[in-house]
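Counting convention: from 1, in listed order, for ligands and their atoms alike. For reference, positions follow the sequence shown, starting with 1.
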Amino acid sequence: MELSEIRKELKKALKKERYEHSEGVAYTSAALAMRYDPKLVDKALLAGLLHDCAKHLSVETMLRLCKEGNIDPGDKKFQETGLLHAKAGVVLAQKKYKVTDPQILSAILWHTTGRVDMDLLDKILFIADYIEPNRTKIKPDVQERLRNIAFCDIDRAVYEVADQTCDYLNKKSAAISPVTAEVRNYYKQVCGIKEEP
Ligand code: DGI
Ligand code: FE
Ligand code: FE
């Protein structure tokens, strides 16, 4: 599918703010790809545009999509929390937007929780989702620091995003999925960060 067609369909499906966020993630992902591997720029742009393509759907529809695509919807406890749109998004990206590239589909699948040992495109999307300019609910000083780190040390940025997400979930007493927690600890180790005394 042509990029212009994808944009047209996405604009129809998503709310205005969500569409603008998706455009923001698309160009932020593309910029990160220019920094770390320019060959990935086109894939990064498309992954960014489509990463939240299932965000507007009901839990029932997302569960149906997972079933159709043979994707495990995961622990019931987390199905209502915002983790399901990443999984359903993979199926919608394939069915509606005709994406077949496994790297793009993997980046969409892991964009919310991250995963241990992510490939470069997974990391780029995971970080871009958090630092894109239209995402204004994150504290400005935190976002400023992360935007800088993202273009200097990608693994450190992955750790910081995972850490911020865990902090945020702890503060609102939301259950942290084992994947989210594992990602934080894994990248903490990768970056050689020691526990504070
Ligand atoms: O889709 P976006 O709003 O752009 O952002 P996202 O896909 O990164 O995250 C969606 C939501 O998922 C966000 O409010 C944080 C939440 N989330 C991420 N990891 C976990 C989680 N929620 C719970 N309960 N547990 C997690 O481990
Ligand atoms: Fe998302
Ligand atoms: Fe997003």
Look at [atom] and say which protein heavy atom is nearest, naming residue and atom and giving the distance to 0.1 Å.
atom                    : value
atom 6 (P) of ligand 1  : Asp129 OD2, 3.6 Å
atom 2 (P) of ligand 1  : Arg18 NH1, 3.5 Å
atom 23 (C) of ligand 1 : Ala175 O, 3.3 Å
atom 19 (N) of ligand 1 : Thr180 OG1, 3.4 Å
atom 13 (C) of ligand 1 : Tyr168 CE2, 4.9 Å
atom 16 (C) of ligand 1 : Thr81 O, 4.1 Å
atom 9 (O) of ligand 1  : Thr112 CG2, 3.4 Å
atom 10 (C) of ligand 1 : Lys55 NZ, 3.7 Å

Working to the nearest 0.5 Å, report the span between CZ of Arg145 and CD of Glu160.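 Arg145 CZ to Glu160 CD: 4.0 Å, rounded to 0.5 Å.
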Asp42 atom CG, over 12 foreign heavy atoms within 6.0 Å: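 Open.
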Using a 4.0 Å heavy-atom cut-off, which part of [X] comes near ligand 1: side chain, backbone, both, or neither?
X      : value
Leu83  : side chain
Leu169 : side chain
Ala181 : neither

In the protein, N/O/S atoms that are found under 2.8 Å from the Fe ion (ligand 2), waters not counted: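 Listed by chain and number, the atoms are Asp52 OD1, His85 NE2, His111 NE2.
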Assess the side chains of [X] and [Y]: does a donor N or O sit below 3.5 Å from an acceptor N or O?
X      : Y     : answer
Tyr19  : Glu23 : yes
His51  : His85 : no
His111 : Asp52 : yes

